[in-house]
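Okay, structure first, notes after.
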There are 4 protein chains.
Amino acid sequence: MIDLVVQGGKLVLPDACHSADLAVDRGRIVAVGTSATMPKARRIVDARGHYVLPGGIDPHVHVRWPFLAATTADDYASASMAAAIGGTTTLIDFAHPKMGSTLLERVTNRRAEADGNVAIDYSLHCVMTEGVPESLEQMGVLVEAGVTSFKLYMAYRRRGIMVDDAALFSVMRHASKLGALVCVHAENGTIADAHEAQFVAQGRVKAADFPRHKPNYVEAEAIQRAIFWARQTGARLYIFHLSTADGLSLVREAQEQGVRVIAETCPQYLLLDESVYDRPVDGHCFICSPPIRSASDKEALWEGIAQGVITVIGTDHCAFTLEQKNIGQNDFTQVPNGLPGLETRISLLHTEGVVKGRISVNQLAAITSLNPARTFGLFPRKGILAPDSDADIVVFDPAREWALSPKELHMNVDWSPYAGWKLQGAPVTTISRGEVIVDGGEFVGTSGRGRFMQRAHDTSRVASFEGSF
Amino acid sequence: MIDLVVQGGKLVLPDACHSADLAVDRGRIVAVGTSATMPKARRIVDARGHYVLPGGIDPHVHVRWPFLAATTADDYASASMAAAIGGTTTLIDFAHPKMGSTLLERVTNRRAEADGNVAIDYSLHCVMTEGVPESLEQMGVLVEAGVTSFKLYMAYRRRGIMVDDAALFSVMRHASKLGALVCVHAENGTIADAHEAQFVAQGRVKAADFPRHKPNYVEAEAIQRAIFWARQTGARLYIFHLSTADGLSLVREAQEQGVRVIAETCPQYLLLDESVYDRPVDGHCFICSPPIRSASDKEALWEGIAQGVITVIGTDHCAFTLEQKNIGQNDFTQVPNGLPGLETRISLLHTEGVVKGRISVNQLAAITSLNPARTFGLFPRKGILAPDSDADIVVFDPAREWALSPKELHMNVDWSPYAGWKLQGAPVTTISRGEVIVDGGEFVGTSGRGRFMQRAHDTSRVASFEGSF
Amino acid sequence: MIDLVVQGGKLVLPDACHSADLAVDRGRIVAVGTSATMPKARRIVDARGHYVLPGGIDPHVHVRWPFLAATTADDYASASMAAAIGGTTTLIDFAHPKMGSTLLERVTNRRAEADGNVAIDYSLHCVMTEGVPESLEQMGVLVEAGVTSFKLYMAYRRRGIMVDDAALFSVMRHASKLGALVCVHAENGTIADAHEAQFVAQGRVKAADFPRHKPNYVEAEAIQRAIFWARQTGARLYIFHLSTADGLSLVREAQEQGVRVIAETCPQYLLLDESVYDRPVDGHCFICSPPIRSASDKEALWEGIAQGVITVIGTDHCAFTLEQKNIGQNDFTQVPNGLPGLETRISLLHTEGVVKGRISVNQLAAITSLNPARTFGLFPRKGILAPDSDADIVVFDPAREWALSPKELHMNVDWSPYAGWKLQGAPVTTISRGEVIVDGGEFVGTSGRGRFMQRAHDTSRVASFEGSF
Amino acid sequence: MIDLVVQGGKLVLPDACHSADLAVDRGRIVAVGTSATMPKARRIVDARGHYVLPGGIDPHVHVRWPFLAATTADDYASASMAAAIGGTTTLIDFAHPKMGSTLLERVTNRRAEADGNVAIDYSLHCVMTEGVPESLEQMGVLVEAGVTSFKLYMAYRRRGIMVDDAALFSVMRHASKLGALVCVHAENGTIADAHEAQFVAQGRVKAADFPRHKPNYVEAEAIQRAIFWARQTGARLYIFHLSTADGLSLVREAQEQGVRVIAETCPQYLLLDESVYDRPVDGHCFICSPPIRSASDKEALWEGIAQGVITVIGTDHCAFTLEQKNIGQNDFTQVPNGLPGLETRISLLHTEGVVKGRISVNQLAAITSLNPARTFGLFPRKGILAPDSDADIVVFDPAREWALSPKELHMNVDWSPYAGWKLQGAPVTTISRGEVIVDGGEFVGTSGRGRFMQRAHDTSRVASFEGSF
């Protein structure tokens, strides 16, 4: 008698979809097979007519993240519950930079916030703001402890987190030795600040001015430079929230030349375009960095996914309430940057990607689970429906039609960039390490059951394998 | 009670290796899981310490193929037995061109030779020598009948099988509409013939002269031209036996531009170099077309596999006996072209590829099984270890060391290009549609049990999915 | 007392325009200087307000060229007179292939036609149709005799002049050793013939069908292949009448890679587009090979000139009368291919190129005189206004406005592709080796005064110098 | 009776060499012609057996330039005399940045130093260190006054002259509007400083350590970034002292894409390699920025000249005495950076370039005179031997063999990087605006005769013409 069988679904595996059942026991998948071969189970999850996806992994989440005077509204309990309902069973957040604290302390402090509160498994990227020897040394300790990715901001000088090329270089050089991953927010902060100052001086601070003060080149130059240093140092590089066709071209070219650069984009860059900033009432709510771009950038990003240049979709979940957003209703420089998105990722991508024929459902699983797992050292424990992997499973109804209503969402905010959108497809059941935590769309799990995941480093072998298709 | 369980092996799946058992019933795989979950079975195949590979697919085999005065020595019985022993459970041969016969007749005749004799599953490419309307019409009939790939020779004018650009173009244009695959022998026959005539006139006809009369450009120009027409017509193009770095560059560039071109190379181009033609006694035995190339071409091809530009390894199995080869001992123009290789493919690639760290074992499975299955419309029936797929399974001992001796091989020839080589890794058990046909390295199957496989066309969806990694 | 001074004009030199006078004596330029420095002269040519151009060189002229049943209408007397009036002082025609004659005989015969009749200096390309040893040997003799360029047709199989790759290769390889230039008509004749046969079978033989039966790829493939062999053999390659954007891209890429390929286009490809074939009455008159292309190809060619990828403008002057053209009024396969253009080249290019700002007047001089001189071994005797060069000089009025009327032209035909066009700029005075042969637009020279020009080979040094800007 | 005739030489013109005489009157060239056509002249300069070059233009000269505690040893009198002896008749120096002074004041002050002292014509680049509105406004005033190029340092933060991307961007954007040229010292100062600090901390401060602390990527990244901003802003960009193959590739690629980027290199990067830093006694003397590079970089730069990617050779003349250099004999951080070179440029390039067959003598004239003239708005007044141009003429003996001895040079320093080198070719006579100022290798001019040259802006038309060859 095993714990659970997922019955009658269409398993979404990397190579294809296969009609088969999944057997789950003691938190792990124990068999993939025909119904006739399934052991008896205490519980049957009916997946007939549904896809069975590997649990989503969102590698780009900000919980209680400070920006200007505001702090994002979600705590680990609410964020992880929303994630689970949306089909995500692992999230990766950030250990924040804090003056006077060491990298290790930052990770420890952040884990203290999460452990006991988080409902799904999680991990942390460690934010770095300089490349001094003490920090480099701690990188090694963290890698041993399973924190194998480090984030650097190429913008936000005034917030004190922007790195210069020297820091970027020394962190990359050291990461290359450690087999760690260097992740960047790629915007040229010097130019962005200068443009902002000029716009402020000219009184051009409405929401509609926001995207104009950070043209595509603000991102593209930073990507070009980050790639340059990755090539020189041999570091593996992860580009957060790629938003432009120009940046995409640079990534494609670098990959073709053998530079190990991985690109992420987010649903907001795939689904919206810059016209949102012209919306009279809530244009300012869409302020995030990089800005939402043109319709042609959007199409280029879909193409980048189809071609395998962009391999990961994170959300950059950064949930500010309307009240927080409204501080800057008439002044974009006062708006806390960021959009909520953790809960809606998979349904949005299914609707706009799979239903519209831009990607296959296998690609959906790859960009939301398999590829993040591989990229961040969670594979094969996460990211795949295979014997001995964690039983992180999502039963997904591809036919369900629904209208997105902020009120019915579970993120701790009162609005959504996609309010009123008609969607097709929704998670029905979410299973985390063998436990059903979402049933019929309702959260039935418990806060604090989630665990911190130690992640592997030096995944270069896997990387070169990925390249072999 | 099911038919069979493969127990304790390491399953080589596209994404990774997973330790799990395989349950087999009525010719199909029915479950992949932990031992505890396996149903009772009439037979247990012990795979402990071994890899479990999807059965090999060799898409490039010549059985009883005429060349000059000779005909290859293998018949379907001997060839398919040798294939099975070498870990190959599906082969694709050719329906020969014959004057006065239609394409359909050629396929029918060829099936009559194979059916009742072949020990493993098989299919046929249909060779075309012109692009007249009658032939184009029959292409459609064949595609409906599951013969979905067509081969054209860009060389061999004197043998009457060389096509000109007009035929190439019209076949490609029609194949594009049908969703069929166009496969080419890419050598510029006009140049090759002219060079041969010049060499003959100069008395330069020794084995050592052979590669010099067909320099790399003889291949590269033909590849460039075939790609040109594929781009124009939208046809999917398969390059048989890619042998040069120059050709590889052209394929890479075309793939980057979105042309659907698939490249195959063969073990002889990965393991040997042109110095074989200088061997005093048997240099002439190595004569095949295209010729074995330089050591640097060889390295480029391995790189091409690692990067995913070359995705298939066929053998171009074309087995002539020493007696047949010796006709041209002192005159390369009299040597029947071709090398035996059907039986040794997987062990050679394991030894030189996996053991030496050039490719992963997952890539080995991809290039010998998964990718051929996808390319030629056999997936997911073949090419993958998954529920409901054919139980074509090879238990492979990666540690076994052995010396290759022609006498101990089962192909119907008395020599091997690799005689005396030290190999590591060998198939132990081969299962075809659930039936153990090789046990402990011995063939225990029966001739005639193999079946003709109808193959799918229009695999474009799969193709774009492949590109998504 | 010298022969002549050209006074007060704006000299069009490679680097810039300089206001200066030209002194001419005994057929040569003897000084370039201010008026104060000019020696006394028997004759003053007033060039005030005018450009002073180096005499035009047209490297692509067909005099009495047979095509189907017709032969072009111009003889050397009429053609060279028209050339002079149009500002061209040197033409290069072709020694025709004729069955049973040797290359040397062909050149000798052709010279016999020209000498005594031609009014300006001339030279010949030698047409080759095969690459047999006897012909290769004669190439060497011809190069020594100053015939340093050889033309090969990659099309026109039925006219017996199409070469296969073997001939192309052997001629290129030999030309590379001789320092000779290989010139090609780049259309894939195999495809063109097959397409024509198909169109004929379908009854699609109107003028409007003509360009459709030779799509851009008919040219592009041939260019790609010619470049391939030029790269392999090291030959310098000249592409006649480039007409497509696709072909241009291939040339650009090859040049960037260091292949010595020189591209010519013609006024008809720069000024007309394929809509001419839809003209109800005279659409068939515009039939030439390659066909006139789309408007976007046209723009690409101008861009190619501006970027220095296309460096020569020839005319492909091939003058058939309306009567000759009308033979195929309803059947494009019966129309002799070719357009008249020798007389109108420079004025047309001035109007559409210089006046419209697409090229500078220095570029006009470069593409019509300096570059042809360098490319074909006539420099520095021709192509430049410098002391000791031949006094081939054109005084050109850039302001003159006129309407092109076939009746007022001097080519031996009764129509023009540009009838009724409004032009700006016209030659006023043409001087050939110091002799005024056109005065106020009237021909005042004599037939037979033109001389055969021996041309230099191995201009590789010059070629690499060109590349240095 | 005119002032002067240069008789019997071989004029080095852009297109070729022509044997002709030059007539000079009232400071200008008045005729180019055969001897027979020359007017009577008060003075004959015998150029038989010699080249006649357009007077050299050195666009990269530092007179009395402060670096650390030192100031370069040459004043305008000594520098311009040495230049003249070396065949250079125009130099472009820099208006230094000085705290508290405006751009206009800097130019005025610098002119006050030069006027009355300089023996040849000169101009100034204006150094900028920020992009504030006041400075941008003054750029416009300077452009009107003929100072049309502006230099920015991407390195040297501690010297207070390094610009950040915001300054670079705003200057480029404004220059684009003004038709001004933006010139950069392209080294990533942030990385260079960090590397220097690390080397100092590790005690690696010998001369041999110098090049290692500024690897090629220090230059390449800065070039990549400068090109990025040039592409975005449309500015014309001039790269001073390109030293690496990596940088060259970036420039080539940008030019191919239509970015208007012009590259200069200097003799030291073409003639020396990094082994100079290993010289036991005087290795530190070779310290300059960027450092001398590897032998393969050196070869790449020659290739870049031959291909026309690098079009200008300046000297970066920055003459420190041995005493000044020796301050840092054991500590590279204390060595004033820079090498003397103004006097030796043309003879060195003739010896290593023309005599060794790497470039033609026409290219020599192009890179030392014609191209600098065009690039910096001095053409056609300077840079060409043509009627009405300034009579800046150098009679150059290509056969003269001599050994370079610092004692016999005229720059105000007591050493040379090339001491003891065997050279071939030397200027014999230098004529500046019609006045012989060097005769038989001896300076016979006067200090203060040189004039400030107003330079043209918006040379885009010329630029696109250059591209047409």
Side-chain angles (χ1 to χ4, degrees), chain C residues 2 5 11 13-25 28-39 252-253 256 258 303 305-311 357 359-364 366-367 370-371 373-374 379-380 383-389 461-462 464-469, chain D residues 2 5 11 13-25 28-39 252-253 256 258 303 305-311 357 359-364 366-367 370-371 373-374 379-380 383-389 461-462 464-469:
Chain C
I2 61 169
V5 162
L11 308 193
L13 298 185
D15 55 295
C17 293
H18 298 269
S19 294
D21 292 2
L22 277 180
V24 172
D25 200 37
R28 302 275 176 131
I29 292 169
V30 293
V32 180
T34 60
S35 289
T37 66
M38 285 295 106
R252 179 186 289 116
E253 186 184 23
E256 286 174 4
E303 183 75 9
I305 294 171
Q307 296 174 345
V309 178
I310 298 172
T311 52
I359 57 173
S360 68
V361 70
N362 309 82
Q363 285 176 297
L364 175 66
I367 59 183
L370 176 63
N371 295 343
R374 279 180 163 153
F379 183 87
I384 186 81
L385 300 175
D388 214 40
S389 293
R461 211 45 223 152
V462 170
S464 79
F465 170 66
E466 282 169 355
S468 76
F469 279 93
Chain D
I2 59 167
V5 162
L11 307 194
L13 297 186
D15 55 296
C17 293
H18 297 271
S19 294
D21 291 2
L22 277 180
V24 172
D25 199 37
R28 301 274 174 133
I29 294 169
V30 293
V32 181
T34 60
S35 290
T37 66
M38 284 295 107
R252 179 186 289 115
E253 187 185 22
E256 286 175 3
E303 184 74 7
I305 294 170
Q307 296 174 345
V309 179
I310 298 171
T311 52
I359 56 174
S360 68
V361 70
N362 308 82
Q363 286 176 298
L364 175 66
I367 60 182
L370 176 64
N371 295 343
R374 280 178 163 155
F379 183 85
I384 185 82
L385 300 175
D388 214 39
S389 293
R461 210 44 224 151
V462 170
S464 79
F465 170 67
E466 282 171 353
S468 76
F469 280 92

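The chains referred to below are lettered A, B, ... by the order of the sequence lines, with proteins before strands, and numbering in each begins at 1. All values below come from the heavy atoms of this structure, side chains included, with hydrogens, waters and symmetry mates left out.
C/H18 and D/I384 get closest at one heavy-atom pair: CE1-CG2, 4.2 Å.
No donor-acceptor distance shorter than 3.5 angstrom exists from the side chain of C/R252 to the backbone of D/E256, with no hydrogens or angles considered.
Between chain C and the options D/V32, D/T34, D/T37, D/D388, heavy-atom pairs under 4.5 Å are most frequent for D/V32.
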